[in-house]
Protein chains: 2
Amino acid sequence: MTISDVARLAGVSQGTASKALNGRGSISPETVRRVRDAADKLGYQANALARGLLAGRTWTVGLITTDSFGRFSIPVMQGAEDALGPGSMAVFLCDGRGDRIREQHYLRILLERRVDGIIVTGRRQDPRDPIGPAGAAGSAGLAGSSLPVPVVYAMAQSTNPGDLSLVPDDAQGGALAMAHLLNSGRTRIGHVTGPERFAAARLRARGAQRILAEAGLALHGGGPHHGEWTEEWGRQATDALLRSAPDTDAIFCGNDQIARGAADAVRETGRAVPDDVALVGFDNWEVMAAACRPPLTTVDMNLRELGRAAGERLLAGINGAPLSGVEKLPCSLVPRESSRSRR
Amino acid sequence: MTISDVARLAGVSQGTASKALNGRGSISPETVRRVRDAADKLGYQANALARGLLAGRTWTVGLITTDSFGRFSIPVMQGAEDALGPGSMAVFLCDGRGDRIREQHYLRILLERRVDGIIVTGRRQDPRDPIGPAGAAGSAGLAGSSLPVPVVYAMAQSTNPGDLSLVPDDAQGGALAMAHLLNSGRTRIGHVTGPERFAAARLRARGAQRILAEAGLALHGGGPHHGEWTEEWGRQATDALLRSAPDTDAIFCGNDQIARGAADAVRETGRAVPDDVALVGFDNWEVMAAACRPPLTTVDMNLRELGRAAGERLLAGINGAPLSGVEKLPCSLVPRESSRSRR
DNA sequence: ATGAAAGCGCTAACAG
DNA sequence: CTGTTAGCGCTTTCAT
């Protein structure tokens, strides 16, 4: 099933068939019709390998996720597809599973297949070594990636400032959550979050504390309470917080799992959410936020939007635009029951 | 960066360079070394497009997931990669998002790129139309897929019996759960599950009821209680069940979310899990099962194993083996706290 | 052991 | 408007 078969059936030359099918050159309408008919009858589909070989590009981009597709990578990937698909670019997804070896392997696979560009995505914004031949990073300096194709990091950040990284603005998200709690009339607000080694935890806390300071307040019940990103920690820390600072009237939680644990703990001390204690989470992980009792107000990182931006940037890069720097994209607040104003 | 550049640098002909790099023909060790060195120095990587064009195959398989990569598709995909990767096949992942149009689109993309085979994966085992040109299904009859490459359905089932479908054995899984509860000394066992329109719900219930019948028992508190696959429904149905049949000593839940809701409901009636009421879930969705209080005993569908099997079957298909029929792969039980024997 | 040449399927440049 | 030809990068005969 090649274009020669189509040409033969239509009674024209190979070149004419190609032009007729691609709308290039000038071909009589009658011929176009005959060629199209022949192609349809034969179920002809152009061989993308031959086409790519000739054109020097493949209309394919690779997306490497450093950890398995999870709740962070998936929306990023969908956004990227939204941006790339309409221009009929295909996205070649690879799961690095957080393993450098696998990642190198996939990089190789992608480059061999001559993808036009690569998106690297992960689940943390802590800077990571750039993809590419190990050790090439340092030598590259500000010069951008040492790879033969443009690369965009999305929901991941390269330690090489010459690479373009797109990350959610965690500090702004934390500020958003805190401002919302203040607006709903709370003033004695605690903060329970994940491990301090995560940039996300530190930044969210910092943003929240800035807003609090602007209102002349500080975290109620002591500095950010760092622990695991789990429900278990949410319960435990909330329990301790309510014991040491019983008049706490709101808790900003570093993610939705912690918030859900917090909701259970609040309820189990005989208090009500949101009437006694308001809660705000982070991530807008639907299945968590919706199953929480009551449904959880939370911060959405707009990852799909971030993925879309990554796709657009990559397209620009493929067309020759320079790609570098770290860009922070805004989070937004999704209000639900858990932070309703009193009365 | 082509093989000619390598050949020139090594001072040999193109053909010799090719043989040296691929270990074909007979080439003097000395020449091999020179060519390898040249390739290394230049960072040469073969162009997979040119190679594929010539070979008529691409060492690439496509994986189309009918709904976004979620907790069902991901393990299947990983298993498939485990089976295919070592033979250095690349897996081209596509997210159909449950949309037939997108699916067609990706199928096209994959066939244009001349993948060697396709795996279709989903999250339900209810039979679905085969992929491929709409309407081609019926005419194909038992003849297998009308596509030019082999196809395997994994965690998805084609309505065309000529296609090969791999699904978890839900009935066996349900039986496993029920047998486990009986073994732990329970006899008054209820069943709360998802919508009846899901084959999974019906099959799990059927398997459970068969085991119960063999023990001379029947579902306690009435037939399978069908509802949503949500925590909310788990809470609601469990509450109703414990009201109408207060002596219930175990509940088999159709999935882990329902089980988690059930755990909350049991606790809120003043009963203890597992001392008063034992619980078993289904899916082994780690984040749910582990966050449940107490940790949830559940049935694992071994999806990774299923994915691996799909990859192996596809390889066989690519090598010419015929592929058809429906195969059910066994589930296994993951015991945790929620069903510990009393005393 | 090595080189020369053909050809995978396609598009583009150039003739006619 | 249509046909012919060259060549993308690679592997593979077939000579030498």
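Keep in mind that what you see is a predicted model, and the values were worked out from it rather than measured. We name chains A, B, ... by the order of the sequence lines, and we start the count at 1 in each one.
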- prompt: Is the distance from OP1 or OP2 of C/dT2 to the nearest side-chain N or O of B/Ser28 less than 4.0 Å?
  reply: yes
message: What I want to check is whether the side chains of B/Thr60 and A/Arg113 have a donor and an acceptor closer together than 3.5 Å.
response: yes
message: Tell me the interatomic distance from B/Leu49, atom CG, to D/dC10, atom P, rounded to whole angstroms.
response: 10 Å
field: A/Asn47 CG - C/dT11 P separation (whole Å)
entry: 10 Å
- prompt: Should we say atom CZ of B/Arg123 is surrounded by more than 12 heavy atoms from elsewhere, each under 6.0 Å from it?
  reply: no
query: Nearest of C/dC10, D/dC10, D/dC8 to any side-chain atom of B/Ile3?
result: D/dC10
query: Taking the nucleotide of DNA chain C with the closest heavy atom to each, which residue, A/Ala48 or B/Val12, is nearer the 5' end?
result: B/Val12
message: With a cut-off of less than 4.0 Å, is there a side-chain N or O of B/Arg24 near OP1 or OP2 of D/dT12?
response: yes
Distance-minimising heavy-atom pair for B/Asp126 and B/Ala199: OD2-N, 2.9 Å
message: Whether B/Ser4 contacts D/dC10 is assessed here as follows: a side-chain N or O lying under 4.0 Å from the phosphate OP1 or OP2. Is that the case?
response: no
message: Whether A/Thr2 contacts C/dC8 is assessed here as follows: a side-chain N or O lying under 4.0 Å from the phosphate OP1 or OP2. Is that the case?
response: no
- request: Mind calculating the distance between CD (A/Gln14) and P (D/dA6) to the nearest angstrom?
  value: 14 Å
message: What is the distance, to the nearest angstrom, from the CG atom on B/Leu53 to the P atom on C/dA6?
response: 18 Å
message: From NZ of B/Lys19 over to P of C/dA1, roughly how many Å is that when rounded to an integer?
response: 11 Å
task: Kindly compute the distance separating CD (B/Gln45) from CZ (A/Arg114), expressed to the nearest 0.5 Å.
output: 6.5 Å
- line: Out of C/dT11, C/dG7, C/dG3, minimum distance to the side chain of A/Leu54 belongs to C/dT11
- prompt: For the pair made of CD1 in A/Ile27 and C1' in C/dA12, what is the distance, rounded to whole Å?
  reply: 12 Å
task: Using a cut-off of strictly less than 4.0 Å, decide whether B/Asn22 has a side-chain nitrogen or oxygen near OP1 or OP2 of D/dT11.
output: yes
- prompt: Hey, is the side chain of B/Thr16 poking within less than 4.0 Å of OP1 or OP2 on C/dG3, counting only N and O atoms?
  reply: yes
field: Which atom of B/Met301 lies closest to which atom of B/Pro168, heavy atoms considered
entry: SD-CG, 3.8 Å
- prompt: Given C/dC10, D/dC10, D/dT2, which nucleotide is nearest the side-chain atoms of B/Ala46?
  reply: D/dC10
Phosphate contact (D/dG3 OP1 or OP2) by A/Ser13 side-chain N/O below 4.0 Å: yes
task: Let me know the distance between CZ of B/Arg34 and P of C/dA1, rounded to the nearest Å.
output: 14 Å
- prompt: Once you round it to whole Å, what is the distance between P of D/dT11 and CZ of B/Arg57?
  reply: 14 Å
task: Taking only the side-chain heavy atoms of A/Ser26 (C-beta and beyond), determine which of D/dT11, D/dC8, D/dT2 contains the nearest atom.
output: D/dT2
